[in-house]
Every structure is written in C-alpha cells, then in structure tokens.
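Let me begin by presenting the structure, written as structure tokens, before commenting on it.
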Amino acid sequence: MSRRGAAVTLCFLLRDTPAGTEVLLGMKRTGFGKGKIVGIGGHVEPGETDQEAVIREVFEETGLSVLPEDLVDAGAVRFVFPARPEWNMETSLFTAWTWQGEPAESDEIVPEWFPARRLPTDRMWQDADHWLPVVLEGGQVNVVVTMHTDNESVASSESLLP
Ligand SMILES: Nc1[nH]c(=O)nc2c1ncn2[C@H]1C[C@H](O)[C@@H](COP(=O)(O)OP(=O)(O)OP(=O)(O)O)O1
C-alpha cells in the first residue's frame, strides 16, 4: 500500500440508447461498500498497471472483455477516510464505449445499466455526485474526497485541477 492509500481502479462502461447515455454500475454483494451501487473495479495487484488491473476487474466482476485501446483515461480520485486511514484509496478512473460480451452477475457484483444523467445517488457512495457526472460527460477529474468520521458522508471535496 502506498503512503496515500491502496491503488484501486474504476471503469465506467458507457452505451448510447434512444433514451440517452447509460452507464454500467453494479450492486456490490461483498467486501468494501457491500449493498451500495458502485463503479466496476477494484485493487491493483502487485506488478499490474492500472489498465491491466481494471481490465481484469471488469472481467472478474461482469464477464465483459475490455481491450487496452478501449480505455479512456478519466483522471483520479483519492478517497480519504480520516477515521479509518487503512481505507484510504488512490483510484484511477477510466471510461470505455467499446467492449465484448454481455454483463453477467458475479459473486462480487450484480451489474445494471443506469441513465448517466439520473444516477442512483441515494444508493451510491455519497461522494459520487462530486466527481462522477464530470467523468460520464467525458471529462477528466483529479479530486480528493475526504469523508466525515462516519466514513459515509462527505466532509470535503477538492479539485486539484488548475
Ligand atoms: N468513497 C468511495 N466512493 C466511491 O464511489 N467508490 C469508492 C469509495 N471508496 C472506495 N471506492 C471503490 C474504489 C474501489 O474500486 C472499491 C474497493 O475495491 P474492491 O472492490 O476491490 O474492494 P474489496 O475489498 O471488496 O475487494 P477485493 O479487492 O477483491 O478484496 O471501492
């Protein structure tokens, strides 16, 4: 683990529908964030690049195959849990508009498409609407989200971009 927290990744798969853009999220069945609707992703294993990790995690969690050239760099978000520093994470963010396969449920995630402009924020981490809409619009972020001592609500959200 690095000084600033564990290296993790998230990938937001996007598709166009007649009703607008949709994003693939998932209900987390186990581990960190259990019960929440979260982005697809997870920890970077030793020796992996962020891209290799996110490709592996997307496949493990949804059965979908993403190629390195499908990944669009969407920046980073650092999650800081002052009351639980061992939960701190450095998250690299990606979007992708192309992949292979159909999303399937795994032991970790129940994948589900949501309208990108109407995210299920009441079932997500409370910080999601501080950074996710920009990512889904095709932008890049570099954000530090600091949680309150309840480890749920957002104490502050700071953009490091000029
Ligand atoms: N405040 C927060 N808001 C958010 O939207 N996502 C967060 C978050 N804090 C952490 N995450 C994400 C980033 C990361 O992809 C995920 C945690 O990683 P994992 O799913 O890999 O954790 P687990 O401990 O469940 O699984 P393993 O790595 O398989 O042990 O939670």
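Values in this document were obtained by computation on a predicted structure and should not be read as measured data. Whatever order the structure lists ligands and atoms in, that order sets their numbers, starting from 1. Sequential numbering from 1 along the given sequence is applied to the chain's residues.
Between Glu105 and Glu112, every side-chain heavy-atom pair lies at or beyond the 4.5 Å cut-off. Side-chain atoms of Asp107 and Thr30, non-hydrogen and from C-beta on, never get closer than 4.5 Å to each other.
Ranking protein heavy atoms by distance to atom 6 (N) of ligand 1, first place goes to Trp125 CD1, 3.5 Å. The protein atom (non-hydrogen) at minimum distance from atom 25 (O) of ligand 1 is Lys28 NZ, 2.5 Å. Nearest non-hydrogen protein atom to atom 1 (N) of ligand 1 is Asp127 OD2, 2.7 Å.
Heavy-atom contacts of Thr9 reach the following atoms of ligand 1: 15 (O) (cutoff under 4.0 Å). Residue-ligand proximity, Gly42 to ligand 1, at heavy-atom distances under 4.0 Å covers atoms 15 (O), 18 (O), 19 (P), 21 (O). Those atoms of ligand 1 that come under 4.0 Å of a heavy atom in Val8, given as number and element, are 13 (C), 14 (C). Here is the list of ligand 1 atoms found below 4.0 Å of a heavy atom in Trp131: 5 (O). With ligand atoms numbered from 1 in the order given, ligand 1 contributes 25 (O) to contacts under 4.0 Å with heavy atoms of Gly31.
Taken to the nearest 0.5 Å, the CZ atom of Arg123 stands 15.0 Å off from the NZ atom of Lys28.
Gln100 CD: 12 or fewer foreign heavy atoms inside a 6.0 Å radius. Dense packing is recorded around CG of Asp150, with more than 12 heavy atoms of other residues, nucleotides or ligands lying under 6.0 Å away.
At a distance under 4.0 Å, no protein heavy atom can be found next to atom 30 (O) of ligand 1.
The aromatic rings of Phe32 and Phe81 lie perpendicular to each other, with more than 60° between the two planes, well past the 30° mark.
The heavy atom nearest to atom 24 (O) of ligand 1, considering only Phe79, Trp87, Phe32, is found in Phe32. When His43, Glu108, Met89 are ranked by how near their heavy atoms come to atom 16 (C) of ligand 1, first place goes to Met89.
Residue contacts with ligand 1, taken as heavy atom pairs separated by less than 4.0 Å, do not involve Met124 at all. Residue contacts with ligand 1, taken as heavy atom pairs separated by less than 4.0 Å, involve Leu10 solely via side-chain atoms from C-beta onward.
Here the closest heavy-atom approach between residue Gly39 and residue Leu25 is recorded as CA-CD2, 4.2 Å. Of all the heavy atoms in Asp127 and Phe79, the pair that sits closest is OD1-CE2, 3.4 Å.
Results of the side chain to side chain contact (heavy atoms under 4.5 Å, CB included) test with Leu93 over Leu10, Thr9, Val143 single out Leu10 as the only residue that passes.
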